[in-house]
Visitor: 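Would you mind keeping the following structure in view while I ask a few things?
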Protein chains: 2
Amino acid sequence: MPSAAGRGQGQDRRPESEDSSAADDYAKERYGVSSMIQSQEKPDRVLIRIKDLTVEKADEVVWVRGRIHTSRAKGKQCFLVLRQQQFNIQALVAVGQHASKQMVKFAANINKESIVDVEGVVRKAHQKIGGCTQQDVELHVQRIYVISLAEPRLPLQLDDAVRPEVEGEEDGRATVNQDTRLDNRVIDLRTSTSQAIFCLQSGICQLFRETLTRKGFVEIQTPKIISAASEGGANVFTVSYFKSSAYLAQSPQLYKQMCICADFEKVFCVGPVFRAEDSNTHRHLTEFVGLDIEMAFNYHYHEVVDEIADTLVQIFKGLQERFQTEIQTVNKQFPCEPFKFLEPTLRLEYREAVAMLREAGVEMGDEEDLSTPNEKLLGRLVKEKYDTDFYILDKYPLAVRPFYTMPDPVNPKNSNSYDMFMRGEEILSGAQRIHDPQLLTERAKHHGIDLEKIKAYIDSFRFGAPPHAGGGIGLERVTMLYLGLHNVRQTSMFPRDPKRLTP
Amino acid sequence: MPSAAGRGQGQDRRPESEDSSAADDYAKERYGVSSMIQSQEKPDRVLIRIKDLTVEKADEVVWVRGRIHTSRAKGKQCFLVLRQQQFNIQALVAVGQHASKQMVKFAANINKESIVDVEGVVRKAHQKIGGCTQQDVELHVQRIYVISLAEPRLPLQLDDAVRPEVEGEEDGRATVNQDTRLDNRVIDLRTSTSQAIFCLQSGICQLFRETLTRKGFVEIQTPKIISAASEGGANVFTVSYFKSSAYLAQSPQLYKQMCICADFEKVFCVGPVFRAEDSNTHRHLTEFVGLDIEMAFNYHYHEVVDEIADTLVQIFKGLQERFQTEIQTVNKQFPCEPFKFLEPTLRLEYREAVAMLREAGVEMGDEEDLSTPNEKLLGRLVKEKYDTDFYILDKYPLAVRPFYTMPDPVNPKNSNSYDMFMRGEEILSGAQRIHDPQLLTERAKHHGIDLEKIKAYIDSFRFGAPPHAGGGIGLERVTMLYLGLHNVRQTSMFPRDPKRLTP
């Protein structure tokens, strides 16, 4: 903590006297702890972005706001690294015309992660500055004021938090475990890796909507508080609703389908979905973000499958084009092969997948669902054979799909349903839905579902319903698998699981 | 209901015999009820959009899928109006080479709102066809198959549902009340007015994100299930969370602020917010969509106010440019003055508003909040004086704002906070937030808030926090007020209020 911690008035940044030698301090106006910014004034001062500090700016005097990333005092000098998001620059405070020894001491004592305003001259560096993004320049500090002071003991060190696990294991250097990260998410999210992950995730949402808007889809908003658990009642959170109770929607599916019945034709939505599953795995969350699509088609549900697959391909391409820096940043900490995909997307039938698995020694029935290990094995087999990390599995056995799934017209044991996979893990589940109220009633009865509870659902199809299909994508899974990460908690800013509700 | 309701096989559309005269029916292959589309095949047939049926297509044979909007038999002819979203065309089935009298009868008996595939020749109309969007052409039907049959009794008539209230009142013609609409939302959403409202709403979201992305904002996803009611605990829904309980977020504010403390600098999110308020007014919902913004600033919170106001202005402009058709469609049923706004946006201080109200005869104290009637009156006064439907009210009394609001640096009774208004109703509330943990603690104590419950919130600011401000916009209110509608339930697809949880 800086010893000159006195607060000035307004934005007249006057450090108070540090000790009896203050009177001798010729630089005492040039440093200090600024008073809290309370919008006292609108100064003309322009703050330059650290990423814009390059040799073109050499010898210019600039103002910069950044965090103290590291600081190292060395005799009459203090080297700071100032950080701003993913960018950082070395700043030098050295005793001389502008800085007194008191000022150097003050700078050296500012707690890490504090936010400072610095005035300095941009100087070309004599040699590349390793460890900084701005390698060719450094900042010679003339003034430095603390804008927001961090407490001295950080719950985790940012350098530890970006260290590849293998370095931690082999060299015995500190890494940060997941719970510490998540408990202190505000600091963990400051790392270059986290910044890159969530900028890329923002890009996925943007590309998803951009692509669908171009394809003529309309964005809809569906309610999350619902009166009945439409998919049966298991795994659903209950909400107190005034004097009654309600549920949290496990998916927007009913509402997407109602929009199709209401002639919106092609709809999408992005929003939270809630699953009260007590699953403590690397890929389950109790609340995640669903990227949902529903679309009326003319004659065949593959019209919809093709649109969804193309949407994902446009996302993959867009990420490659626009987020190369972020991908490389994440790769530094979590090395991984680039994500591969084909155009058009590979589509296999379920029976083909079963045959591939059997050939690899797996024993399974024709109508058995894929276990998680078999999903992953299949992913490896498909990658070997077709060289793609993304594919569609079509024509699932009817028995393993929900009651509203349209049966296959030829083989009644199959269905017009599909999953999509990235690096051997499911990221989307979808199907042609039954749009005929009579068949829907039959299928619900067959599944032993209480017809009274799904009456509103079935009634939606009584006044003319176009054939339609759709699917729901898990945003956190797409982010995780595209980047080759191993836990969905890395790609949820504030993850929720059966054991975690904070922060 | 069509009497020839037999089902063909696959997509070989063979109507079964209607009566003993079937043998004489030379057109019997040309009409009928198609079997359910189960993705049996992928025919080459191209379906033309109704909006694309213009005189340029005259004399072409086309296939169209649409709903039977109306039907009227007249001797040997039957006039149908086929509807597709907001577009419709007249179709004529007449006894002749392609259609038998049985076929005309079949067509005339198809229930309204059923979906049909029609093959026909596009013919130039002899005179403008009133009541149809495609006024210059009609379709001479050669084949007609029912794709999805509607039940005969519709719970509401679409024509009634788009009738202006004044016509209903003056001419005694039927209109549809709000509960009937909402109870049968799938049909109500098919009207041209509903289609237009929700296309425009989709546009608001798109313009909001487009503008902010261009300004360098990052989209974030914040959790809706939270462990503690951060804003005190009133008006919050409780959720059963495994063996414990949790709450539904009343706003993403804490999480937006944490992202600012985590250096994302400028963030936005679009998502549901939940308010357990037992308010049964025209503008309150228990679940609505929040368009939220949070932004670090350099020296003055007006930097943020300007960005938010400009974002709204970009939305207003974008709507004018891209959604003129939708605005006009809604205006037909709900006439209203075009929405007016200034550039830059008018910003008044709270004390100026109080002075205007007092001059108009209102008695109110300096630190009193605006009542709803006073808000509306102020809107009218501002419109008269400045000719704008959109303005900012800045510098609210500190006493009427939440504890985390930054006090004004000059007058401690005021605060760095603001609301924004459209047509005299609040659509955004925002403020500079206190980023100093010590002042935040003091203010929370002053408000009598249990410090233990907001510990995580306060701790977020302990490791360096930039000054920041933000605000939350209600999507349904913006849609309602932009279009000059009078109930927020008209602009929520599936509204939730204390008395409505369905559909």
Side-chain angles (χ1 to χ4, degrees), chain A residues 36-40 42-43 47 67 85 113-115 148 150-151 186-187 189-190 199 202 205 218-221 223-225 227 237-240 242 246 255 258 261-263 271-272 287 289 298-301 406 409 416 432 436 456 460 462-467 493-494 496 498 501-503, chain B residues 36-40 42-43 47 67 85 113-115 148 150-151 186-187 189-190 199 202 205 218-221 223-225 227 237-240 242 246 255 258 261-263 271-272 287 289 298-301 406 409 416 432 436 456 460 462-467 493-494 496 498 501-503:
Chain A
M36 182 179 68
I37 292 180
Q38 204 177 342
S39 308
Q40 292 90 334
K42 300 182 179 181
L47 296 175
R67 287 190 191 270
Q85 296 187 317
E113 293 301 304
S114 297
I115 298 172
S148 176
E151 292 195 351
V186 164
I187 298 173
L189 287 176
R190 291 178 193 168
C199 285
S202 171
C205 294
V218 170
E219 180 175 7
I220 58 169
Q221 306 291 341
K224 305 309 165 197
I225 304 182
S227 63
F237 289 113
T238 308
V239 185
S240 302
F242 300 100
Y255 295 95
M258 286 174 74
C261 294
D263 291 347
E287 177 181 344
V289 176
N298 293 338
Y299 297 108
H300 201 290
Y301 74 97
M406 182 64 87
N416 293 348
Q432 178 179 353
D436 179 279
S460 308
R462 295 196 188 280
F463 304 101
M493 270 195 172
F494 304 101
R496 295 293 181 253
L501 258 178
T502 54
Chain B
M36 182 179 67
I37 292 179
Q38 204 176 343
S39 308
Q40 292 91 332
K42 300 182 179 181
L47 296 174
R67 288 192 190 269
Q85 297 187 317
E113 292 302 304
S114 296
I115 297 172
S148 177
E151 293 194 350
V186 163
I187 299 174
L189 288 176
R190 290 178 194 167
C199 284
S202 172
C205 293
V218 170
E219 180 176 6
I220 58 168
Q221 306 291 339
K224 305 308 165 198
I225 304 182
S227 63
F237 288 113
T238 309
V239 185
S240 302
F242 301 100
Y255 295 94
M258 286 174 74
C261 294
D263 291 346
E287 177 181 345
V289 177
N298 294 337
Y299 297 108
H300 201 291
Y301 74 98
M406 182 64 86
N416 293 348
Q432 176 179 354
D436 179 276
S460 309
R462 294 196 189 284
F463 304 101
M493 271 195 173
F494 304 100
R496 296 294 180 252
L501 259 178
T502 55

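Each chain gets a letter, A, B and so on, in the order its sequence line appears, and its residues count up from 1. Keep in mind that what you see is a predicted model, and the values were worked out from it rather than measured.
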Visitor: Please rank B:L47, B:V239, B:T238, B:I225 by heavy-atom pairs under 4.5 Å with chain A and give me the top one.
Guide: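 Most heavy-atom pairs within the cutoff with chain A belong to B:I225.
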
Visitor: So what's closer than 4.5 Å to chain B heavy atoms on A:V289: side chain, backbone, both or neither?
Guide: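 Only the side chain of A:V289 comes within 4.5 Å of chain B.
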
Visitor: Checking A:P503 against chain B: side chain, backbone, both or neither under 4.5 Å from a heavy atom?
Guide: both

Visitor: Would a 4.5 Å heavy-atom cut-off, applied to side chains only, mark A:M258 and B:F494 as touching?
Guide: yes

Visitor: With a 4.5 angstrom heavy-atom cut-off, is it the side chain or the backbone of B:R462 that approaches chain A, or both, or neither?
Guide: both

Visitor: If only atom types and distance count, is the side chain of B:N416 paired as donor or acceptor with the main-chain N or O of A:Q38 below 3.5 Å?
Guide: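 Flag set: sc B:N416 to bb A:Q38 pair under 3.5 Å.
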
Visitor: Ignoring hydrogens and angles, tell me if any N or O in the side chain of B:R496 forms a donor-acceptor pair with the backbone of A:P223 under 3.5 Å.
Guide: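 No, because the side chain of B:R496 does not come within donor-acceptor range (under 3.5 Å) of the backbone of A:P223.
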
Visitor: Heavy atoms only, distances under 4.5 angstrom: which of B:C199, B:P409, B:S114 has the most pairs with chain A? Name it, please.
Guide: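 Answer, by heavy-atom pair count under 4.5 Å with chain A: B:P409.
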
Visitor: Do B:M493 and A:Y255 come within less than 4.5 Å of each other through their side chains, counting heavy atoms only?
Guide: no

Visitor: Side chain from CB out, backbone as N, CA, C, O: work out which of these in A:I187 comes under 4.5 Å of a heavy atom of chain B, or both, or neither.
Guide: side chain

Visitor: I'd like to know which of B:S240, B:G271, B:A456, B:C205 tops the heavy-atom pair count under 4.5 Å against chain A.
Guide: B:S240

Visitor: Taking B:Q221 for the side chain and A:P272 for the main chain, is one N or O donor matched with an acceptor at less than 3.5 Å?
Guide: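 The answer is no, because no donor-acceptor pair under 3.5 Å joins these two groups.
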
Visitor: Which region of A:Q432, side chain (C-beta onward) or backbone (N, CA, C, O), has a non-hydrogen atom less than 4.5 Å from a non-hydrogen atom of chain B, or is it both or neither?
Guide: side chain

Visitor: Which pair of non-hydrogen atoms, one from A:I115 and one from B:A465, has the smallest distance, and what is that distance?
Guide: CD1-C, 3.5 Å

Visitor: Taking every non-hydrogen pair under 4.5 Å, which of B:V186, B:V218, B:T502 racks up the most with chain A?
Guide: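 The candidate making the most pairs under 4.5 Å is B:V186.
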
Visitor: Tell me whether B:S39 contacts the main-chain N or O of A:H300 through its side chain, where contact means a donor paired with an acceptor under 3.5 Å.
Guide: no

Visitor: Can you confirm whether B:Y299 sits close enough to A:K42 that some side-chain heavy atom of one is under 4.5 Å from a side-chain heavy atom of the other?
Guide: no

Visitor: With side chain to side chain contact (heavy atoms under 4.5 Å, CB included) as the test, would you mind laying out the steps for A:M36 and B:M406 before giving the verdict?
Guide: CA-CA 11 Å; A:M36 182 179 68; B:M406 182 64 86; 3.8 Å; yes

Visitor: Start with the C-alpha gap between B:K224 and A:K224, add the side-chain angles, then the distance that decides, and say whether side chain to side chain contact (heavy atoms under 4.5 Å, CB included) holds.
Guide: CA-CA 10 Å; B:K224 305 308 165 198; A:K224 305 309 165 197; over 6 Å; no

Visitor: Measuring only between side-chain heavy atoms, which start at C-beta, is B:D263 closer than 4.5 Å to A:L189?
Guide: no

Visitor: Under 4.5 Å heavy-atom distance to chain A, tell me which part of B:E287 shows up: side chain, backbone, both or neither.
Guide: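 Answer is side chain: those atoms of B:E287 sit under 4.5 Å from chain A.
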
Visitor: Considering all heavy atoms of both residues, which atom of B:F463 and which atom of A:E151 are nearest to each other, and what is their separation?
Guide: CE2-CB, 4.0 Å

Visitor: Sort out for me which of B:P466, B:S460, B:S148 touches chain A most, counting heavy-atom pairs under 4.5 Å.
Guide: B:S148

